Protein chains: 2
Amino acid sequence: MVTLSDVARAANVSKMTVSRVINHPEQVTPELRSLVESAMATLNYHPNSIAQALVNNRTNVVKFVTLEDIDTTEPYYMNLLFGVAKGLTKKQYAFQLVTDPEQIEAGRSDGYIITGARSSDYDMFDQLDKPFILFGENHRGFDFVDTDNQLGVKMATEYALSRLYKNIIFIGIDLKEPFEYSREAGYINTLQKNQLIPKIFRIGNHSHAAQDLIKEHFKEFKKDTCFICASDRIALGVERQLAEEGAKVPDDFGVIGFDGVFLDQVANPKLTTIRQSIFEMGELLATMLLQKIAQSGSPQGEVLIKPTLIRRGSTR
Amino acid sequence: MVTLSDVARAANVSKMTVSRVINHPEQVTPELRSLVESAMATLNYHPNSIAQALVNNRTNVVKFVTLEDIDTTEPYYMNLLFGVAKGLTKKQYAFQLVTDPEQIEAGRSDGYIITGARSSDYDMFDQLDKPFILFGENHRGFDFVDTDNQLGVKMATEYALSRLYKNIIFIGIDLKEPFEYSREAGYINTLQKNQLIPKIFRIGNHSHAAQDLIKEHFKEFKKDTCFICASDRIALGVERQLAEEGAKVPDDFGVIGFDGVFLDQVANPKLTTIRQSIFEMGELLATMLLQKIAQSGSPQGEVLIKPTLIRRGSTR
DNA sequence: TTGTAAGCGTTATCAA
DNA sequence: TTGATAACGCTTACAA
């Protein structure tokens with residue numbers, strides 16, 4: 001293993017000069033700096049992050065906390081995780097996965113990335129003594145990253161109108177959470193702007209719940225209706241039950257999902273959906289958290305990422 | 001932060017005695033040991049794993065390497081990852097995710113858990129200088145954990161026979177890899193034992209490839225046929241195209257999948273499938289790797305985990 | 001601007 | 001069996 005001392009010896013300087021070239025290059029004269037830099041290059045030196053961690057009282061580990069049940073966990077979390085991992089690896093950070101809220105503060109870490117948080121979890125967050133960033137919008141002032149939910153549903157709704165569907169129905173998730181309110185707002189605002197009356201159903205985020213809903217209300221739905229769904233999972237159920245009822249998708253009925261990571265491709269026909277940039281959000285979460293750690297906890301703000309409309313066979 | 005010295009002071013012994021109580025308790029007299037232990041308890045002492053890592057020249061990090069494309073990555077990897085995480089966290093280990101084979105040795109780690117390996121990757125593994133365990137069987141002597149693929153398909157085939165399907169067809173994945181050979185062997189052996197002639201199709205692991213296959217050959221399939229599929233993804237496509245053809249599932253045609261983590265529930269009707277204990281295998285992978293690291297690389301062997309038959313609506 | 005010395009929390013070595 | 005000391009690789013504080 002090549003150490004600081006090896007580089008120092010090769011460059012004929014002290015360890016501190018090498019350390020400074022790494023951490024505070026501006027404090028070193030250009031000549032020495034380039035001398036040290038070439039020594040580092042020829043020796044292929046990489047700082048030992050464990051030694052750095054020890055002296056800086058860091059662990060180089062952050063926890064990825066999933067407060068949702070794994071079983072209900074959307075497959076798209078995989079992408080989020082890979083994004084987070086990419087952002088962390090850049091700074092030689094590793095992570096641990098936590099599913100039990102009790103275990104958040106167990107063991108060692110420098111901070112937390114928290115997903116699946118509900119309003120009821122907020123009080124617990126106030127108790128945390130290490131920096132954290134939430135994945136998912138909130139109105140309590142916690143730093144977060146999320147898709148621009150309102151914009152996403154607005155895009156979906158406008159697209160449905162542009163495809164000349166006459167009736168636009170929103171099928172949301174029956175949770176009193178900010179992301180759901182934002183999605184509904186995107187729908188409601190767009191309908192009102194077009195002098196249409198909003199019609200919202202709210203169900204659990206399961207395809208079978210969506211099937212049940214369509215089954216129960218199918219007679220009420222006229223041709224030229226488009227269903228804007230709060231998740232691909234719901235859209236999948238809607239599409240399936242419409243087929244079951246013998247309804248023509250996309251000609252008579254349109255279906256638009258939300259997420260666009262995995263389930264949209266499983267559906268038949270494939271779903272028109274609002275794709276979230278999950279991987280990129282993961283990377284951003286990591287970057288923000290590491291920055292927050294480096295700045296000893298200073299606020300990083302709230303970031304909304306613009307989603308993308310993917311046009312597929314479930315709309316005409 | 002409570003340190004070794006704090007405990008030593010509280011217990012009126014030297015730091016080394018405390019260290020020994022942690023690492024080599026048999027070298028300490030019972031009296032001193034209990035003295036130290038109660039001091040650790042009252043102070044709520046936890047060893048600083050970073051300091052341990054530094055002095056032991058360890059990183060407390062392992063890499064989780066995914067050689068498959070993320071896009072084709074099955075959602076069940078999420079479960080594997082949570083299992084791995086659980087196994088690692090027990091020993092205060094964290095992990096990094098690696099998708100680029102070039103990056104396996106970049107940065108710091110104590111070892112690797114490798115998934116999605118193909119035979120063509122084996123030569124690269126010979127070059128690795130740190131311990132690793134594969135997720136997936138291989139015949140090159142590398143330590144691995146996998147489902148007992150042969151047994152799984154045997155269970156599926158026997159179940160199909162017991163449900164009185166007359167024709168049993170296997171739809172495999174067109175890869176020349178050990179797991180596929182094992183699955184086919186489970187099928188072939190069971191058919192031969194029952195004096196039946198095996199019939200195998202091999203396709204890419206995609207639902208649409210399965211749909212194409214069924215569409216093309218549907219006329220050849222008689223009633224009372226059960227399709228044993230090498231993955232739920234394939235089974236999903238088979239089921240979907242059978243529906244498209246107007247065939248009755250499960251009465252006239254049976255479909256059995258393999259994996260049993262997520263897609264089996266998305267299917268309609270839900271799939272009878274061979275469920276792999278993915279989470280448990282992840283935990284085992286971690287345990288084995290940490291043991292291998294502790295034993296400076298000694299072989300851990302090959303472990304086959306018994307899968308479970310889940311009976312659902314896609315068989316009668 | 002550069003170097004020296006001390007220390008982060010732990011464990012191995014060797015002496016008592 | 002127990003303890004003093006040095007060492008792991010790095011950075012901060014201070015001195016030159």
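Chain naming here is simple, since letters A, B, ... match the order of the sequence lines and numbering starts at 1 in each. Everything quoted here is computed from the prediction, not taken from an experiment.
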_Check whether B:Ser182 reaches the backbone of B:Pro178 with its side chain - one donor and one acceptor, N or O, closer than 3.5 Å._
yes
*Is any side-chain N or O of B:Thr17 closer than 4.0 Å to OP1 or OP2 of D:dG3?*
yes
*Taking A:Arg33 for the side chain and A:Pro25 for the main chain, is one N or O donor matched with an acceptor at less than 3.5 Å?*
yes
*May I ask you to decide if the ring planes of A:Phe142 and A:Tyr122 are parallel, tilted or perpendicular, using 30° and 60° as cut-offs?*
perpendicular
*Given atom CD of A:Gln92 and atom C1' of D:dC10, what is their separation to the nearest angstrom?*
15 Å
*B:Arg58 CZ to D:dG9 P: how many Å, rounded?*
14 Å
*Give the rounded distance in Å between these two atoms: CG of A:Leu4 and P of D:dC8.*
13 Å
*Look only at the side chain of B:Gln96 and the backbone of A:Tyr93, and say whether a donor-acceptor pair between them is shorter than 3.5 Å.*
yes
*Go through D:dA4, C:dT2, C:dT10 for me and flag the one nearest to the A:Thr29 side chain.*
C:dT2
*Any side-chain N or O of B:Gln52 under 4.0 Å from OP1/OP2 of C:dT11?*
yes
Contacts under 3.5 Å, N or O only, protein and nucleotides 12-16 of chain D:
none

*To the side chain of B:Leu54, which of C:dT11, C:dG9, D:dC10 is closest?*
C:dG9
*With nearest nucleotides of DNA chain D determined for A:Lys15 and B:Lys15 from heavy-atom distances, which residue corresponds to the more 5′ nucleotide?*
B:Lys15
*Going by atom types only, do A:Thr147 and A:Gln276 share a side-chain donor-acceptor pair under 3.5 Å?*
yes
*So what does A:Asn48 touch, heavy atoms closer than 4.0 Å: a base, only the sugar-phosphate, or nothing?*
sugar-phosphate
*Could you label the plane-to-plane angle of the A:Phe135 and A:Tyr77 rings as parallel, tilted or perpendicular, counting under 30° as parallel and over 60° as perpendicular?*
perpendicular
*At under 4.0 Å between heavy atoms, what does B:Ile50 touch on the DNA or RNA strands: base, sugar-phosphate, or nothing?*
nothing
*Would you mind reading off the distance between B:Arg9 atom CZ and C:dG9 atom C1', rounded to a whole angstrom?*
13 Å
